[in-house]
Amino acid sequence: MDRRQFLSTLGAVGVVGAAGCTAEQGVRPSFRVGAAGFERRTDGGYRPLSVRGVNLGMAKPGRFPGEAAITRSEYDRWLASIGEIANVVRTYTIHPPSFYRALAAYNDEAAEPLLLLQGTWVPTAELLSAGDATAISETVDAELDRTVDVVHGDAMLSDRPGHAAGRYDADVSDATLGFLFGIEWPPEVVAETNERGDSSPYAGTYFETTDGTPFEGWLAGRMDRLATREMDGYGVQRPVAFVNWVTADPLDHPYEPFANEDRVSLDPDRIDPTAEFEAGTLASYHVYPYYPDLLNETPEYVQYTDHRGERNNFAGYLNDLVDETDLPVLVSEFGVPSSRGLAHRNVHGRDQGGHTEQEQGEIVAAMFADISHADTAGGIMFAWQNEWFKRTWNLDARSVPGRRPFWSNVETPEQRFGLLAFDPPEQVVLDGSEAGWDGAESVTAAESTDAEPQRTLRELRVTHDVEGLNCRLRFEELPDPVDWTRLNAIITIGLTDRTTALPFGVDAEARADFVVRLAGPTDSRLLVESSYDAFASEFGGEAGLPLEEYRDGRAGFVPVREVINRGYTVPATGEEVPFEAVETGRLRYGNGNPDAESYDSLTDVHVDPASNSIELRLPWILLNVADPSSKQRIATDWEESLGPVPFDGVTLSAGTFLPDGDRDGDAVAVDGPTNLTDQLPGSDGTVLDSVEYTWEPWDQPAYRERLKESYHVLRDQLP
């Protein structure tokens, strides 16, 4: 039934009343689900409560989420900041006792409480291994029992790998809005459970199914377990729902190109509260604007006009979902990341990555407005903090899985959804100042040159942090503005100790696997020697590259790229969408200081004529460094399939040249062994000298917290 038509037939009775129980007859829970969403009990009766939430994970730098390592002081700070922009915090699992103590302390002092939507995690690896969800019911039910006891401050949890533990003595049940059970359910598990399971209806004390599938019956059983535990143990009720996502929604998606993304359906309308459960349920969905591909391909979504009069596929999908579902819809995850790299395009520009922090905030605020205008129960932004342990499909093969929390991969979108950043404490800020350059290795010229001052190099400084390698070139003189038709500079970077001919028409060789060209805002880029191109090794066949020329290096230096789409066919139209990659080695000019009015969080290069310097930061993964903390790089042998190998450090050299007037701007030929007009540290004829730079490995990264620009945007723009 059309949800809006359904609601019009209910009138003032609402969803709870339709279940057969009124507030006067029932338990009178502090929170319940009404016709339009959550409601809060007040002295004057139940009042609507729209969710404006933030998802809070368990990870921080240097720690996996299962270590439950967030401290009380961190929770205190984070909840205070969350409370300025949100009325709900959602967790995916049981946090350490310090979280619940911090939440209770915050609410003791706050003018308005910060409410909790408590999740119960389902072990994904165990679920996938079992295939049939019912095989792990006992494990899941035990965790559901613990979840209820925890929010009531009545649990003592023993140490278990991957879980929080300790004495839970903070009762936050008065501020617990509800329980959200589960994860983004893998389609293969849903399908196998349905194939093996009993299709008879589930009939519990508080939840039952109507024409439900075996997996929906299993979900109903878990929801019933939650409600039963709380009623039997504490005599109270609160809303209970299960987590869902676009991949398993009840809609048909004929434009979805990948069968697994529309293989199964989980319909929350088939799970009903019984007359004994007054608190009610709703439909909880994770919704992002760029995934699955059906969101970019379905004309009904792509051409949908939102409340602003603009095309908006995210709003179009929400409109369809709300109409399909009889229950109120809670968008329990949504957002975009402020990563340097990109993983999926969105047809309207809300991509998975490639946004500044300012843009991230503006897009998330606009998405929240979409959610509000779609007649939903509200939305919960993803996420509070950046999560360094995460991986993204197009780059995960290039990093060491067990070491991801120990460094900051600015290229990977999954690590940059947060509103809270973790920056290096002595970070180079790319604004022309001396900040971060103390202690950097300094390389000066070995001999004098008669080059023009703007092409005369005085110093190369090199340093590093958890995000990447930092270089600073100081010139004899930099005009303001720089005339890039008279100056180009290169920096060579080697990891493998090979010596190779340089690109850009430069008549020289260097110990180089990568070469940076600094040629102004439109033409600066990082190139990689083709036999060391990770993109070609992993995706070159799909991209149509001449692989043999890449394998043996005949292709020379090539762009640094990452795939964002492996190609597909739209089933409803037969349209072939080709493989797509982006040149992520293009370098962006700007100001990288978060305190500057002109701050651009995606800055790679800053030019500062006042100090005669050009500064550069190169993300580790673009240099094929698989883990800087343990000094492992990607192997050179393609047969190793990007496997990591140890390395000692990097070699660097620098040079300048006069570009010719052609489109490619290659170096102008001059008399002498090389057409570089200056070199650091020097050269031996046509072979550039290099300096070796190394660092000590680390196991715990140093960092400082910073509220992103996106946080400040949301604080200013959200109602």
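Every value quoted in this text rests on a predicted model; they were computed, and no experiment measured them. Quick note: numbers below take in every heavy atom, side chains included, and nothing from hydrogens, waters or symmetry partners.
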Discussion item. Quick one about Arg474 and Asn612 (side-chain donor to acceptor, distance below 3.5 Å, no hydrogens or angles considered), yes or no?
Written reply: no

Worksheet item: In terms of side-chain geometry, is the basic nitrogen of Arg403 or Asp699 positioned less than 4.0 Å from the acidic oxygen of its partner?
Response: yes

Worksheet item: Is a side-chain donor-acceptor pair under 3.5 Å present for Glu576 with Thr569?
Response: yes

Fill in: side chain to side chain contact (heavy atoms under 4.5 Å, CB included) against Ala435, all qualifying residues, sequence neighbours excluded
Val429, Ser433

Worksheet item: Among pairs that include at least one residue of residues 413-422, which meet side-chain hydrogen bond (donor to acceptor under 3.5 Å, both in side chains), considering only residues two or more places apart or in two chains?
Response: Gln352-Glu414, Ser408-Arg416

Worksheet item: Residues two or more places apart in sequence or in another chain: which of them pass salt bridge (Lys or Arg N to Asp or Glu O under 4.0 Å) with Arg525?
Response: Glu583

Item to complete: Using side chain to side chain contact (heavy atoms under 4.5 Å, CB included) as the criterion, list what pairs up with Asp648, not counting sequence neighbours.
Response: none

Discussion item. Can you list everything that forms a side chain to side chain contact (heavy atoms under 4.5 Å, CB included) with Glu580? Sequence neighbours excluded, please.
Written reply: Arg345, Ile564, Asn565

Worksheet item: Under 3.5 Å, is there a donor-acceptor pair between the Arg404 and Asn409 side chains?
Response: no

Item to complete: Please round to the nearest 0.5 Å and tell me the distance separating atom CG of Asn394 and atom OG1 of Thr412.
Response: 7.5 Å

Worksheet item: Can you list every pair that meets ring pair (Phe, Tyr, Trp, His ring centres under 6.0 Å) and has a residue in residues 426-470, with sequence neighbours left out?
Response: His464-Tyr693, His464-Trp695

Discussion item. Would you compute the distance between atom CG of Leu478 and atom CD1 of Ile614 and round it to the nearest 0.5 angstrom?
Written reply: 5.5 Å

Fill in: Lys60 and Glu705 ion-paired at < 4.0 Å
no

Worksheet item: Quick one: side chain to side chain contact (heavy atoms under 4.5 Å, CB included) partners of Pro503, sequence neighbours excluded?
Response: Val515, Leu527, Phe557

Discussion item. When you compare the side chains of Glu709 and Ser601, does any donor N or O come within less than 3.5 Å of an acceptor on the partner?
Written reply: no

Please tabulate, for side-chain N and O atoms in residues 545-553, each donor-acceptor pair with protein atoms closer than 3.5 Å (sequence neighbours left out).
from	atom 1	to	atom 2	distance (Å)
Tyr550	OH	Arg561	NH2	3.0
Arg551	NH1	Glu639	OE2	3.2
Asp552	OD1	Arg554	N	3.0
Asp552	OD1	Arg554	NE	3.1
Asp552	OD2	Arg554	NE	2.7
Asp552	OD2	Arg554	NH2	3.2

Discussion item. Just by distance, no angles: are the side chains of Thr496 and Tyr532 close enough, under 3.5 Å, to form a donor-acceptor pair?
Written reply: no

Discussion item. Can you pull out every salt bridge (charged side-chain N to carboxylate O under 4.0 Å, His left out) where at least one residue sits in residues 601-614? Sequence neighbours excluded, please.
Written reply: Arg340-Asp604

Worksheet entry | Test ring pair (Phe, Tyr, Trp, His ring centres under 6.0 Å) applied to Phe535 - qualifying residues, sequence neighbours left out | none

Item to complete: Mind checking ring pair (Phe, Tyr, Trp, His ring centres under 6.0 Å) for His344 and listing every partner two or more places apart, or none if nothing turns up?
Response: Tyr291, Trp393

Fill in: Contacts of Arg498 that satisfy salt bridge (Lys or Arg N to Asp or Glu O under 4.0 Å) - sequence neighbours left out
Asp513, Glu529

Worksheet item: Does a side-chain N-to-carboxylate-O contact under 4.0 Å join Glu357 and Lys708?
Response: no

Discussion item. If we count only N and O atoms by modelled type, under 3.5 Å, do the side chains of Glu476 and Thr456 hold a donor and an acceptor together?
Written reply: no

